[in-house]
Amino acid sequence: MKPFVMTDACPCGRQHQKKILPHGQCCGRWLESDTPALDAESLMRSRYCAFVLEREAYLLKTWHASHRPERIEFDPGVKWLGLDVRSHTVQDTTHAEVEFVARQKPASGPAVRLHERSRFVLEAGTWLYVDGDQQ
């Protein structure tokens, strides 16, 4: 498998004018810098990319301290198949929810869907993932 580069299509699948944005113009802006995501949906998309690219440090950095695990174990051989953002709801100036479906194919067994309504909070100018409910 070739290395992932910033000009490749972003794994989150965000589109502009019916074309998937390059990673460097999409989630790569957040993963490759200290710049915080602009909103909860952008953070959720960048966290999906971090799972695809196995970026543990980014995932931990963007996880609210109240629910952050000590470390993240990535399942070997998982192939991420896509992301569908169903809704992005701003509740107030510091709280938002994003409903999404992420699809993956484990190394063995059938493909699975993770359907979640995630909660986010804005603290000190940075959106953070808090937790989510499986749908």
Side-chain angles (χ1 to χ4, degrees):
M1 183 163 113
K2 75 178 184 82
F4 191 81
V5 295
M6 297 293 272
T7 55
D8 288 342
C10 192
C12 86
R14 189 185 298 244
Q15 295 187 13
H16 178 70
Q17 297 179 345
K18 298 186 180 185
K19 292 184 180 176
I20 295 176
L21 289 170
H23 183 63
Q25 294 176 16
C26 194
C27 297
R29 296 180 287 171
W30 323 128
L31 270 82
E32 307 301 333
S33 73
D34 289 329
T35 305
L38 299 175
D39 55 34
E41 180 181 347
S42 296
L43 177 61
M44 195 281 313
R45 286 178 175 279
S46 68
R47 286 176 55 82
Y48 171 82
C49 290
F51 275 104
V52 171
L53 302 172
E54 298 186 357
R55 301 284 181 85
E56 180 184 32
Y58 182 81
L59 290 165
L60 294 173
K61 176 177 87 168
T62 59
W63 212 312
H64 192 270
S66 65
H67 289 81
R68 182 184 309 130
E70 284 187 33
R71 61 185 322 262
I72 297 169
E73 297 287 333
F74 297 101
D75 294 329
V78 167
K79 178 175 177 154
W80 290 91
L81 304 173
L83 175 68
D84 177 26
V85 175
R86 301 277 175 94
S87 67
H88 173 208
T89 307
V90 177
Q91 298 169 316
D92 58 38
T93 57
T94 60
H95 296 86
E97 289 186 348
V98 177
E99 181 180 352
F100 69 92
V101 176
R103 299 178 328 275
Q104 64 166 261
K105 172 73 173 84
S108 62
V112 295
R113 294 169 25 112
L114 169 63
H115 186 178
E116 182 176 296
R117 179 173 292 281
S118 300
R119 286 179 283 280
F120 297 84
V121 63
L122 181 66
E123 286 188 354
T126 300
W127 282 100
L128 299 168
Y129 170 76
V130 178
D131 63 9
D133 296 320
Q134 300 294 314
Q135 300 295 297

>> When you measure from the side chain of Arg68 to the backbone of Leu60, do you find a donor-acceptor pair of N or O atoms at a distance under 3.5 Å?
In response: yes
> Are Phe100 and Leu114 close enough that some pair of their side-chain heavy atoms sits under 4.5 Å apart?
Replying inline: yes
> Is a side-chain donor-acceptor pair under 3.5 Å present for Ser118 with Tyr129?
Replying inline: no
> Sub-3.5 Å donor-acceptor pair from the side chain of Tyr48 to the main-chain atoms of Gly82, do we have one?
Replying inline: yes
>> Could you tell me if the side chain of Leu53 sits less than 4.5 Å from the side chain of Leu31, heavy atoms only?
In response: yes
>> Does this structure show an ion pair linking Glu56 with Lys61, if we count only N-O contacts that are shorter than 4.0 Å?
In response: no
> With side chains defined as the heavy atoms from C-beta onward, is the minimum distance between Val85 and Met44 less than 4.5 Å?
Replying inline: yes
> Any luck finding a side-chain donor-acceptor pair between Gln25 and His16 under 3.5 Å?
Replying inline: no
> Are the side chain of Arg45 and the backbone N or O of Cys12 linked by a donor-acceptor pair below 3.5 Å?
Replying inline: yes
> Leu122 and Thr93: which non-hydrogen atoms are nearest, and at how many Å?
Replying inline: CD2-O, 3.6 Å
>> Apply salt bridge (charged side-chain N to carboxylate O under 4.0 Å, His left out) to residues Arg86 and Glu116 and explain how you reach the verdict.
In response: CA-CA 10 Å; Arg86 301 277 175 94; Glu116 182 176 296; over 6 Å; no
> Within a strict 4.5 Å, meaning less than it, do heavy atoms of the Leu128 and Phe120 side chains meet?
Replying inline: no
> Can you tell me how far the OH atom of Tyr58 sits from the OG atom of Ser33, to the nearest 0.5 Å?
Replying inline: 8.0 Å
> Checking Arg47 side chain against Leu59 main chain: does a donor-acceptor pair fall under 3.5 Å?
Replying inline: yes
>> Once side-chain hydrogen bond (donor to acceptor under 3.5 Å, both in side chains) is applied, do any residues pair with Glu73, and if so which ones, sequence neighbours excluded?
In response: Arg71
>> For the residue pair His88 / Glu97, report whether a side-chain donor-acceptor contact shorter than 3.5 Å exists.
In response: no
> Is the backbone N or O of Asp133 less than 3.5 Å from a side-chain atom of Gln135, with the two atoms forming a donor-acceptor pair by type?
Replying inline: yes
> Does a donor on one side chain sit under 3.5 Å from an acceptor on the other, for Ser42 and Arg14?
Replying inline: yes
> Quick one: side-chain hydrogen bond (donor to acceptor under 3.5 Å, both in side chains) partners of Asp92, sequence neighbours excluded?
Replying inline: Thr94, His95
>> Using 30° and 60° as the class boundaries, would you call the ring planes of Phe51 and Trp80 parallel, tilted or perpendicular?
In response: tilted
